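In what follows, a single structure is set out as structure tokens and then discussed.
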Amino acid sequence: MDIVATLENLVREMEERLARADTLEELEVLRADVLGRKGRLARIISRLPGLPPEDRPVAGQAANRIKERCAALFGERRSALLASREAEALAGFDPTLPGRAPWRGSLHPVTLIADEICEIFTAMGFEVVSGPEVENDHYNFEALNMPPEHPARDMQDTLYITEKVLMRTHTSPVQVRTMATRAAPLAVIAPGKVYRRDSDLTHTPMFHQIEGLMVDNGITMAHLRGTLTALVRAVFGSRTRVRFRPSFFPFTEPSAEVDISCCLCGGKGHHRGEPCRVCKETGWVEILGCGMVDPAVFSAVNYPDNVSGFAFGLGVERVAMLKYGIGDLRMFFENDVRFLRQFA
Ligand code: PHE
């Protein structure tokens, strides 16, 4: 029966052509040619109904057998090609190597310190408030007892936008904004960016401050001292000593600057036999300015005469430098990941 012989030939031919097909694309062409809907096998099968009835069962069985055989051969070749393609792609790779761990971001040291300080104050009952970085003369100077001719307004320090609009030079305007909209008693802190026309080793045109303000009946310098001592000990450790030095700010009276015992040398003035570079051998480092709110500030916000309060303003970069032993202010703003990752 020549139809059975034709089918057997087809298998042999398929075997030969499969062996020569090196790509999945060639394989697909071959599959369509032999096994496709209009392929060679389909055409042979379409001749079956024309055979004499007694030949049909044998031819039909042969056709089915050949069809399965071809499909199996095709499947084998396809698996082999896929496996070698994968092996090629993996050549030179060690698939058992562990993956590369993704980099995790970390908070900036300035953010870490600001958050830590805010948490210390909120635990003491202070509320976090904020104000604009683009400020006007009234809040930044006038209401803080700095009239137009005051030296603190010097063009050298302040970044002006117009004659009356400027980048705030400190967070103290938030004191005024808070008192202008809320009655005493209040206890707030205001973290944020401040701007000064200043740029050298220890100054950047933008840096961060945290302002503090507490107003009530009977607030005294003792409250200020207690509060700031608690802050310093929470941030720098319970053995840190605190010193108040008389100073001057137009918006506080009396005013003080607060020093803490040097975190590098522990207040001794020398470290590992060398003069201490952090405190310049004095044993103390300055961390903030503070004082009792000046009556002129209270009257600018129409507060009654019977209240008193304290305020302070602290430099966040300064605290971060002291706490983490960072020697160069510029590191905070260079965004070198080798520096930043140490705080992860
Ligand atoms: N605003 C002052 C400064 O930037 C700091 C300060 C705040 C001083 C509050 C006293 C009271 O230097």
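Nothing here was measured: the structure is a model prediction, and the numbers come from that model. Atoms within each ligand, like the ligands themselves, are counted from 1 in listed order.
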For this output row, return yes or no: ring centroids of Phe343 and Tyr324 closer than 6.0 angstrom. yes

Is it true that Glu8 and Arg12 have a side-chain N and a carboxylate O under 4.0 angstrom from each other? no

- request: Report yes if the distance between the aromatic ring centroids of Phe310 and Phe249 is under 6.0 Å, otherwise no.
  value: no

Checking heavy atoms under 4.0 Å, the part of Ser172 that sits near ligand 1 is side chain

Taking NZ, NE, NH1 and NH2 as the nitrogens, is one of them in Glu135 or Arg177 under 4.0 Å from a carboxylate oxygen of the other?
-> yes

If we number the atoms of ligand 1 from 1 as shown, the ones under 4.0 Å from a heavy atom of Gln175 are 9 (C)

heavy-atom search around atom 7 (C) of ligand 1 in the protein gives Gly313 N, 3.2 Å

- Task: Please indicate whether any nitrogen or oxygen in His170 is less than 3.5 Å from any nitrogen or oxygen in ligand 1.
- Result: yes

Self-check item: Salt-bridge present (Lys193, Glu133; N to O < 4.0 Å)
Solution: no

Checklist entry - When you check the gap from the basic side-chain N to the acidic O, do Asp259 and Arg241 get nearer than 4.0 Å? => result no

For Arg196, the atoms of ligand 1 under 4.0 Å from one of its heavy atoms are 3 (C), 4 (O), 12 (O)

With heavy-atom distances below 4.5 Å as the criterion, would you say the side chains of Ile260 and Val285 are in contact?
yes

inquiry  = If we count only N and O atoms by modelled type, under 3.5 Å, do the side chains of Gln209 and His170 hold a donor and an acceptor together?
reply    = no

One finds that the ligand 1 atoms under 4.0 Å from a non-hydrogen atom of Gln209 are 3 (C), 4 (O)

Numbered in order shown, the ligand 1 atoms found under 4.0 Å of a heavy atom of Cys290 are 8 (C), 10 (C), 11 (C)

Consider every N or O of Glu211 and every N or O of ligand 1, then say whether any pair is closer than 3.5 Å. no

A student checking ligand 1 against Gly289 at a 4.0 Å heavy-atom cut-off should list atoms 6 (C), 8 (C), 10 (C)

Within 4.0 Å of some non-hydrogen atom of Phe312, the atoms of ligand 1 are 7 (C), 9 (C), 11 (C)

When distances are taken from atom 2 (C) of ligand 1, the protein heavy atom at minimum range is Phe251 CZ, 3.8 Å

